[in-house]
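Notes for the one structure printed next.
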Amino acid sequence: QVQLVESGGGLVQAGGSLRLSCAASGRTFTNLAMGWFRQAPGKERELVAAINQSGGNPYYTDAVKGRFTISRENGKNTVYLQMNSLKPEDTAVYYCAAKGIVTREYYYWGEGTQVTVSS
């Protein structure tokens, strides 16, 4: 079984920065493709950023392009989300997720961490 644990959430003023971290543990014998999702009150969960097994081919949703950066440590199933120029509309619960080895779909999920951006 794979467990994901997020950290780094909190309260920040508009225009500020925050870095989220996610570590995968358990029976992970290979690097996993991982991503960050978020869900704001009254809205559906959306994919914010993603990265492949080797740390390449990054993806960003249009709303965060140029402001957020996803990265990972080589040899470890640890992924980061650097968030700059934060806006109140970025307020949401952020979830770390990892794809299954065979299914190539997001299968493992963290519990989520709250990010609140004040105006």
Side-chain angles (χ1 to χ4, degrees):
Q1 190 67 35
V2 176
Q3 296 84 40
L4 303 179
V5 179
E6 304 101 333
S7 62
L11 176 64
V12 65
Q13 295 182 357
S17 298
L18 208 60
R19 189 179 78 155
L20 305 182
S21 300
C22 174
S25 62
R27 300 182 66 181
T28 55
F29 300 104
T30 60
N31 290 338
L32 302 175
M34 303 178 73
W36 287 97
F37 290 76
R38 69 183 181 186
Q39 186 168 25
K43 294 187 176 181
E44 296 182 349
R45 184 175 298 184
E46 64 174 343
L47 177 63
V48 177
I51 195 166
N52 70 10
Q53 295 175 328
S54 300
N57 194 30
Y59 163 85
Y60 302 96
T61 189
D62 288 343
V64 307
K65 286 182 179 178
R67 300 189 298 119
F68 291 10
T69 303
I70 189 170
S71 62
R72 73 183 303 154
E73 293 187 46
N74 292 334
K76 297 181 180 180
N77 281 311
T78 303
V79 66
Y80 305 94
L81 184 67
Q82 179 67 46
M83 304 184 293
N84 298 325
S85 301
L86 284 163
K87 305 175 181 179
E89 49 264 44
D90 294 318
T91 296
V93 177
Y94 283 72
Y95 298 89
C96 176
K99 290 185 176 181
I101 299 174
V102 178
T103 64
R104 300 179 64 185
E105 300 176 355
Y106 289 105
Y107 185 81
Y108 306 101
W109 294 84
E111 194 169 317
T113 183
Q114 177 70 49
V115 172
T116 302
V117 184
S118 64
S119 59

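Because only heavy atoms are used, hydrogens play no part in the values below, and waters and symmetry mates are left out as well, while side chains stay in. Model, not experiment: these values are computed from the prediction.
Every residue two or more places apart in sequence or in another chain was checked for a side-chain hydrogen bond (donor to acceptor under 3.5 Å, both in side chains) with T69, and none qualifies. Partners of N57 according to the side-chain hydrogen bond (donor to acceptor under 3.5 Å, both in side chains) rule, which considers only residues two or more places apart in sequence or in another chain, do not exist here. Taking the side-chain hydrogen bond (donor to acceptor under 3.5 Å, both in side chains) definition, one finds that Q82 meets it with N84, sequence neighbours left out. Taking the side chain to side chain contact (heavy atoms under 4.5 Å, CB included) definition, one finds that A49 meets it with Y60, I70, L81, sequence neighbours left out. For the salt bridge (charged side-chain N to carboxylate O under 4.0 Å, His left out) test, no residue two or more places apart in sequence or in another chain qualifies with K43. Partners of E89 under the side chain to side chain contact (heavy atoms under 4.5 Å, CB included) rule, at least two apart in sequence or in another chain, are K87. In terms of the side chain to side chain contact (heavy atoms under 4.5 Å, CB included) criterion, residue partners of S21 (sequence neighbours excluded) are, by chain and number, S7, R19, Y80. With sequence neighbours excluded, no residue forms a side chain to side chain contact (heavy atoms under 4.5 Å, CB included) with Y107. Here Y108 pairs with nothing under the side-chain hydrogen bond (donor to acceptor under 3.5 Å, both in side chains) rule; sequence neighbours left out.
A pairwise comparison of heavy atoms in A24 and V2 identifies CB-CG1, 4.2 Å as the closest pair. Scanning both residues, P88 and A14, for their nearest heavy atoms gives CD-CB, 4.2 Å.
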inquiry  = Go through it in stages, so that I can follow the logic: the residues are V12 and T116, the test is side-chain contact (heavy atoms from CB on, under 4.5 Å), and I'd like the CA-CA distance, side-chain angles, deciding distance and then a yes or no.
reply    = CA-CA 6 Å; V12 65; T116 302; over 6 Å; no
query = Run the side-chain contact (heavy atoms from CB on, under 4.5 Å) check on M34 and L4 step by step: do they pass?
reply = CA-CA 10 Å; M34 303 178 73; L4 303 179; 4.1 Å; yes
task = Using the ring-ring contact (aromatic ring centres under 6.0 Å, His included) rule, take W36 and F68 through it: C-alpha gap first, then chi angles, then the decisive distance, then the call.
result = CA-CA 11 Å; W36 287 97; F68 291 10; over 10 Å; no
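Linking Ile, Leu, Val, Met, Phe, Trp and Tyr residues whenever their side-chain heavy atoms come within less than 4.5 Å leaves V115 and W109 in two separate clusters.
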Return a table of donor-acceptor pairs under 3.5 angstrom between the side chains of residues 94-106 and protein atoms on other chains or two or more places apart.
unit_1 : atom_1 : unit_2 : atom_2 : d
Y94    : OH     : R38    : NH1    : 2.9
Y94    : OH     : D90    : O      : 2.7
T103   : OG1    : E105   : N      : 3.4

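Taking SG of C22 as the reference point, atom CD of E6 lies at 5.5 Å (rounded to 0.5 Å).
At distances below 3.5 Å, at least one donor-acceptor pair connects side-chain atoms of R72 with backbone N or O atoms of N52. Side chain of Q53 to main chain of N31: a donor-acceptor pair is present (N/O by atom type, distance under 3.5 Å, no hydrogens or angles).
Remark: of the listed residues V48, L47, T61, V93, L47 is the sole one forming a side chain to side chain contact (heavy atoms under 4.5 Å, CB included) with F37.
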